[in-house]
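Structure record follows, encoded as structure tokens.
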Amino acid sequence: MIATASSIVGDLPTLVDELADQLWNAYSPAVHHPLLVGIPTRGYFLARRVAQRWESLHAHHTPVGQIDISFHRDDYSTYLPSPHPTRLLEPIEGRLIILVDDVFHTGRTVRAALEALHALGRPAAVRLAVLIDRCAHELPIRPDLALRSVSIDSRIRIKIKMHEVDQEDAIYMIPVA
Amino acid sequence: MNPWPHKDLVSIRQLTRDQFDYLLQTARSFKEILSRPIKKVPSLRGKTVVNLFVEPSTRTRLSFELAATRLSADVLNLDSDTSSFKKGESLLDTARNLQSMGADIIILRHNAAGSADFLARRLPAHIINAGDGAHEHPTQAILDVFTIRERLGSLENKRVLIVGDILHSRVARSNIYALKLYGADITLVGPPTLVPRVFESLGVRVAHELDAHLPTADVIYLLRIQHERQRATYFPGVNDYVYLYGLTPARLGLCKPTAIIMHPGPMNRGVEIHSDIADSPQSTILEQVNNGLAVRMAVLYALAAGTAQMAFPTA
């Protein structure tokens, strides 16, 4: 029982371009020189694609890093995450950080990411950009930019697939057993 | 999604390749954290870790203590000299008392093979074997595999020589199981008294002459001559041992320039390893210690999370 969700939210490459363009307009990277920081796994590849589009459209280079949130999760006692080492190419102190993730659900992942970031320094500001906001927030944390808001049954999982790791670009809605 | 199924880490033989890979991957993340100005994460906040060392150790005990501290656990240290063992309390009674005080993880070093398994079967706390007699020392083997893969990449078909007192070595046993899991080609070298042919049943080669094996070796793993475990005389004297098996500059000349020299410590400079070689760029001895911290953090992390419903995410 796998349904593709592109009819509801649009196809992935178009969404990614839209994300890059809206971020470019909202945060003027040419002026503020932000660091793009992805939340592994797919948030990191999204951040990379955003940087690639900025590079090709505006000839602007932006460093892309990833932040490992495994050791800061609050659901660690029920779920063992797969760690991806933190790689930030430049110090975050005093910088504008744009955190990127694919799906925003409860806010717990982002809370862990903020804690992990603050263990590394004090950024000037942190903004959060996601493709899809599931509108099921459990914490007072919400994205600064969400391309689509989707309010669906919590038993349906939204799964983003990306060529870099999944051999296809797609968005699926999968009923959880 | 694969569950993390183990309450305890008693033996390398418990681990599948996937589970071993998970520990190595987690250790890589911890190594990055250990390179930061603030080397601490909150994962084990509120957990109590007890180092129960009934046999002397500096490196392993400090490494576990620091690993648990970096994970924000509360750590208690108990060693044989200052504990009730001197008054005749049994291992099980001591451990039960620790459990009653709320210990979540007990790290055991003991001179009896099987002691970690003995406690693991009787207590709800997680037990980590930090060396049980001549049986196993699993975290040492995990950090050794981590170190070899960092230096040489894959272990597949790499030629590994383990040299010295295999008979009394838990490090050798754990490493044989771990290295075989990664497809290494293993030869054990030492005098027949310390490297009996019975080890061939583990799927390794046994040799009694070192020089012939040096030119093709990718890893030369030296073991300490364990004077304290020798109840009989296994070789005529230290000088004879150095003459036949000591890694001297002349012998290093026979090795590939890319070969790495490993030792689990504590080393006897001038016996199994010449002092200059211990400090050479080919030596990984201090890297092993450094990696040991990240690997022990990974083991503590996986076990502390380990319950029946625990799962690896696919994403």
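Chain letters run A, B, ... following the sequence lines, proteins first, then strands; residues in each count from 1.
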Going by heavy atoms in the side chains, are Glu32(B) and Asp68(A) under 4.5 Å from each other? no

Check whether any side-chain heavy atom of Ser70(A) sits under 4.5 Å from a side-chain heavy atom of Phe30(B), and report yes or no. no

How long is the straight-line distance from CD1 of Ile38(B) back to NE2 of His118(A), given to the nearest 0.5 Å? 11.5 Å

Please classify the contact of Arg36(B) with chain A as side chain, backbone, both or neither, using a heavy-atom distance under 4.5 Å. side chain

Could you tell me which non-hydrogen atom of Ser29(B) sits nearest to which non-hydrogen atom of Pro85(A), and how far apart they are? OG-N, 3.2 Å

Angle class for the Phe71(A)/Tyr301(B) ring planes (parallel below 30°, perpendicular above 60°, tilted otherwise)? perpendicular

Polar side-chain atom of Gln25(B) near backbone of Ser82(A) as donor-acceptor pair, under 3.5 Å: no

Chain A contact via Pro42(B) - side chain, backbone, both or neither, heavy atoms under 4.5 Å: both

Is it the case that Arg73(A) and Ser43(B) place a side-chain donor and acceptor less than 3.5 Å from each other? no

With a 6.0 Å cut-off (strictly less than), is the heavy-atom count around CZ of Arg121(B), excluding the residue itself, greater than 12? no

Could you look at Ile33(B) and say if it's the side chain, the backbone, both or neither that has a heavy atom under 4.5 Å from chain A? side chain

For Arg17(B), does the CZ atom have more than 12 heavy-atom neighbours from other residues, nucleotides or ligands under 6.0 Å away? yes

